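All residue numbers in this chain count up from 1 along the given sequence. Side chains are part of it too, since the values below use all heavy atoms of this structure and drop only hydrogens, waters and symmetry mates. Nothing here was measured: the structure is a model prediction, and the numbers come from that model.
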Amino acid sequence: MRMRSRKLALLLALLLTVNAAAACGSQGSTEGQGLSQESTEDQGLSQENTEGQQKPEGTEPASEDSSGDSGEELATVYPVTVTDQLGRQVVIEEEPQTIVSGYYISSSLLIALGQQDKLVGIEAKADSRPIYSLAAPELLELPSVGTAKEFDLEGCAALNPDLVILPAKLKETIPALEELGLTVLAVKPEDRRLLTELAQLLGTATNTGARAKALLDRSDGLLKELAAAVGQEEQPSVYLAGNSSFLSTAGAQMYQNSMITQAGGRNVAGELTDPYWAEISYEQLLAWNPDYIILAAEADYTVESVLADEQLAECTAVKEGHVYQIPGSVEAWDSPVPGSVLGSLWLASVLHPESYGPEQYQQAAADFYEEFYGFVPEAL
């Protein structure tokens with residue numbers, strides 16, 4: 001801590017230059033493109049390049065074999081070396097008491113791990129995330145450290161946190177923060193596997209390994225129950241439309257593809273190999289002729305506008321009224337947040353209501369949020 005204070009005065013003058021360089025670097029990078037249509041940090045959903053990712057030391061994937069692990073066995077002994085999601089070896093000297101999270105997925109995960117009281121800074125647009133006001137309204141009063149596009153490096157450094165968690169897209173800013181003596185983890189939870197890895201990483205970093213394991217075990221259990229319910233059902237075809245454009249969709253390499261398949265559906269855009277959101281035409285959509293059309297939770301358009309679109313009049317989903325929007329009253333389940341497993345449960349209740357009914361999905365969601373976020377949603 002004393003070293004940080006001495007360095008802070010000397011190095012803050014350099015941060016404007018570093019910050020400008022980071023901004024220029026991010027404009028030319030393709031990492032994270034298409035991860036959202038609201039911003040490039042909002043739905044990091046590609047499933048590519050997950051092989052070879054290293055796991056944080058001292059953690060193992062949630063599995064039946066590890067179900068007997070006790071909280072004592074999962075406790076972190078400091079100093080601990082972890083591997084972040086850029087493959088960087090990071091030493092955490094002591095259990096963090098103050099944390100800055102510059103990414104909404106890591107912020108939501110920290111709440112689920114019971115670390116909200118340690119947060120001293122958070123990403124911008126926190127007031128647009130319903131889960132914060134529902135689970136930890138005090139976060140809305142914290143200083144903002146900006147976005148992946150306009151990160152406030154100086155503001156983050158001034159908070160002098162024990163641990164900084166940033167989206168991997170901000171990798172150019174990490175050296176400047178480390179020069180100030182700050183400990184930084186880069187995260188990239190772009191699919192279910194990487195979200196699992198992130199939960200384990202933060203569980204180790206914050207000494208909440210038992211809580212992280214409980215979260216992962218709950219998600220795995222829900223998916224096993226779902227597979228048992230709908231695994232033998234006929235798979236209806238599904239088109240999932242993106243946030244800002246109805247004709248933007250997710251192919252086989254996207255997180256949304258697994259959400260559909262886990263729910264017992266078939267993604268009509270599964271033939272697409274784009275690692276990010278792909279733009280299609282009305283002609284292509286009509287050729288696919290999906291049984292169901294699903295709108296993203298934060299779509300800029302409505303179910304009614306899709307049903308009224310004359311260019312879709314001959315589409316099976318429109319003719320049968322099978323157009324739905326993913327619920328977003330708590331958080332967007334079509335992004336890899338800790339509660340994203342609930343997106344598959346909801347979709348299964350739409351596609352296979354006789355095998356997995358709405359009441360099952362609603363009860364599972366209520367139990368999940370009560371256990372890990374301390375509230376029961378009024379509406380789902």
* Can you tell me if T183 uses its side chain to pair, donor with acceptor, with the backbone of L163 under 3.5 Å? -> no

* A250 to A269 - nearest heavy-atom pair and separation -> O-CB, 3.5 Å

* Should the heavy atoms of other residues, nucleotides or ligands under 6.0 Å from CD of E371 be counted, would the total exceed 12? -> yes

* Under 3.5 Å, side chain of E298 to main-chain N/O of A296, donor-acceptor pair present? -> no

* Any donor-acceptor N/O pair, N207 side chain to A75 backbone, under 3.5 Å -> no

* Step by step, would you call L345 with L226 a side-chain contact (heavy atoms from CB on, under 4.5 Å)? -> CA-CA 7 Å; L345 305 189; L226 183 60; 3.7 Å; yes

* Asked: Applying the 4.5 Å side-chain criterion to the ILVMFWY set and letting contacts propagate, would Y324 and Y361 be lumped into a single cluster?
  -> yes

* Asked: Going by an N to O cut-off under 4.0 Å, is there a salt bridge joining R88 and E178?
  -> yes

* Asked: For the residue pair Y239 and F246, is the inter-centroid distance of their aromatic rings smaller than 6.0 Å?
  -> yes

* Are any of the side-chain nitrogens in D220 or R192 under 4.0 Å away from the carboxylate oxygens of its partner? -> yes

* **CD/E359: more than 12 non-hydrogen atoms of other groups inside 6.0 Å** => yes

* Distance-only, no hydrogens or angles: does the S128 side chain make a donor-acceptor pair with backbone N or O of K125 under 3.5 Å? -> yes

* Atom pair CG/CD of L247 and Q284 - distance to nearest 0.5 Å -> 10.5 Å

* To the nearest 0.5 Å, what is the distance between CE (M254) and CH2 (W277)? -> 5.0 Å

* To do: Report the distance from atom CD1 of I105 to atom CZ of R129, rounding to the nearest 0.5 Å.
  => 8.5 Å

* Structure fact -> Shortest non-hydrogen pair, S329 vs P130, comes out as O-CB, 3.2 Å

* Asked: Could you walk me through whether I294 and I260 pass the side-chain contact (heavy atoms from CB on, under 4.5 Å) check?
  -> CA-CA 10 Å; I294 305 298; I260 293 170; over 6 Å; no

* Asked: Using a distance-only test with no angle check, is there a side-chain donor-acceptor pair under 3.5 angstrom linking Q253 and N257?
  -> no

* Please name the pair of heavy atoms, one in L216 and one in A199, separated by the smallest distance, quoted to 0.1 Å. => CD2-CB, 3.9 Å

* N289 and T316: side chain to side chain donor-acceptor pair (under 3.5 Å), yes or no, with the steps? -> CA-CA 6 Å; N289 193 28; T316 296; 2.9 Å; yes

* Going by distance alone, is a donor N or O of one side chain under 3.5 Å from an acceptor N or O of the other, for T208 and Q115? -> no

* CD/E234: more than 12 non-hydrogen atoms of other groups inside 6.0 Å -> no

* Stepwise side-chain contact (heavy atoms from CB on, under 4.5 Å) check, Y356 with E225 -> CA-CA 10 Å; Y356 192 86; E225 291 175 9; 5.5 Å; no

* Considering the options L201, T83, V82, which one meets the side chain to side chain contact (heavy atoms under 4.5 Å, CB included) requirement together with V90? -> V82

* To do: Check whether any side-chain N or O of S355 sits under 3.5 Å from a backbone N or O of H352 as a donor-acceptor pair, and report yes or no.
  => no

* To do: Check the pair L351 / V230 against side-chain contact (heavy atoms from CB on, under 4.5 Å), numbers first and verdict last.
  => CA-CA 9 Å; L351 303 181; V230 304; over 6 Å; no

* Side-chain donor or acceptor of Y78 paired with backbone N/O of A205 under 3.5 Å -> yes

* Asked: Looking only at heavy atoms, what is the nearest atom pair of W288 and E271, with distance?
  -> NE1-OE1, 3.3 Å

* Nearest heavy atoms of I174 and A186, plus distance in Å -> CD1-CB, 3.9 Å

* If you measure only the distance, is there a donor-acceptor pair under 3.5 Å linking the side chains of E197 and Q85? -> yes

* Structure fact -> Taken to the nearest 0.5 Å, the spacing of L110 CG from S101 OG works out to 5.5 Å

* Residue pair C156 / V100: nearest heavy atoms and the distance that separates them -> SG-CG1, 4.0 Å

* Asked: Does one hydrophobic cluster hold both L240 and L295, with members joined at side-chain heavy-atom distances below 4.5 Å?
  -> no

